[in-house]
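First comes the structure, then the notes that go with it.
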Amino acid sequence: SDKDKVDPKDYTIANVKYDSVIKRPGDIAGQQFIVENCEFANIGLFDYINTITIDDSHLNVVLRNCISCRIMCCSQQFRSRDCKNIEIFLYCATQPAIESCYDLTFGCFSANYKGLEDQFKKANLCVLNNNWTNIYDFTLNDEEQHWSLFSNTVKAEDYFSGIPSDNDMDLSFNWMTSVVPKTLGSMPTANGISGE
């Protein structure tokens with residue numbers, strides 16, 4: 001039937017500049033989603049998503065060719081290629097991977113809103129299985145560090161205050177109310193032993 005037809009425009013945010021756009025719980029409902037050609041934009045996707053692809057700006061997040069972005073996301077898999085200067089607050093059920101990336105900074109996912117816990121269940125994600133610090137760098141070398149972790153004192157709420165929300169969503173970036181428990185990470189050292 002026509003009402004079951006999926007319109008790709010409903011699952012794409014494109015060419016947003018100096019503006020804010022949100023998708024509320026239920027707007028995406030597990031479909032694939034694309035964000036492309038956005039600059040200086042605040043984009044809030046408050047729903048579970050099959051795959052999200054973010055260009056030039058299975059529960060996978062794939063970042064390609066992104067520069068100077070700030071992202072908070074939950075995913076089964078996280079991949080980033082050819083990106084630079086990205087701040088990521090991440091929940092990832094598997095080992096996140098980066099390739100040919102520079103100046104990526106990772107922190108633990110820290111958010112909550114009405115329906116998020118149910119979205120985790122629908123996506124078959126366990127809030128206690130967060131591998132956000134277990135980064136695999138395909139282009140690892142001894143001469144340069146491609147990624148780092150935020151200090152344990154950094155608060156996600158200080159980074160996402162520009163995300164619009166209406167009061168009935170009860171959106172919060174405070175780690176004390178986050179669906180995902182805050183975990184601390186440590187950077188690997190040259191000998192493979194974790195350090196601070």
Would a 4.5 Å heavy-atom cut-off, applied to side chains only, mark Leu45 and Ile52 as touching?
yes

Can you spot which of Ile88, Ile135, Thr94 makes a side chain to side chain contact (heavy atoms under 4.5 Å, CB included) with Phe78?
Ile88

Verify the distance criterion only: is there a donor paired with an acceptor across the side chains of Ser178 and Asn112 at less than 3.5 Å?
no

In this structure, are over 12 heavy atoms from other groups packed under 6.0 Å from Lys155 atom NZ?
no

Hey, could you give me each pair passing salt bridge (charged side-chain N to carboxylate O under 4.0 Å, His left out) that has a residue in residues 119-128? Not counting sequence neighbours.
Asp118-Lys122

Under the side chain to side chain contact (heavy atoms under 4.5 Å, CB included) rule, collect the residues that match up with Ser161, sequence neighbours excluded.
none

Taking the side chain as every heavy atom from C-beta outward, state whether His146 and Tyr102 have any pair of such atoms under 4.5 Å apart.
yes

More than 12 heavy atoms of other residues, nucleotides or ligands under 6.0 Å from NZ of Lys23: is that the case?
yes

With hydrophobic residues grouped by side-chain heavy-atom distances under 4.5 Å, do Ile71 and Trp175 end up in a single group?
no

Within the 4.5 Å heavy-atom criterion, are Trp147 and Leu149 side-chain neighbours or not?
yes

Given side chains that start at C-beta, do those of Leu128 and Pro181 come closer than 4.5 Å, heavy atoms only?
yes

Is the Tyr91-Phe120 ring centre distance short of 6.0 angstrom?
yes

Taking everything shown except Lys9 itself, do over 12 heavy atoms lie less than 6.0 Å from its NZ?
no

State, yes or no, whether a side-chain contact exists between Ile86 and Cys66 at a heavy-atom distance under 4.5 Å.
yes

State which residues pass side chain to side chain contact (heavy atoms under 4.5 Å, CB included) with Gln119; sequence neighbours excluded, sorted by chain then number.
Pro25, Asp47, Tyr48, Tyr113, Leu116

Hydrophobic cluster mates of Tyr136, side-chain heavy atoms under 4.5 angstrom, ILVMFWY only, any path?
Phe138

Test item: Val61 and Leu63 side chains (from C-beta on) under 4.5 Å apart, heavy atoms
yes

Side-chain H-bond candidate by donor/acceptor type, Thr183 with Trp132, under 3.5 Å:
yes

Cluster check Val21, Ile49: I/L/V/M/F/W/Y, side chain < 4.5 angstrom:
yes

Does atom CD (Glu157) have a neighbourhood of more than 12 heavy atoms from anything else shown, all under 6.0 Å?
yes

Among side-chain atoms of Thr139 and Asp137, is any donor-acceptor pair under 3.5 angstrom?
yes

Pair listing, salt bridge (charged side-chain N to carboxylate O under 4.0 Å, His left out) test, anchored in residues 69-83, at least two apart
Arg70-Glu87, Arg81-Glu99

Assert yes or no for the condition that the ring centre distance of Phe89 to Phe106 is strictly below 6.0 Å.
no

Note: with side-chain heavy atoms under 4.5 Å as the link, the other cluster members for Val62 come out as none

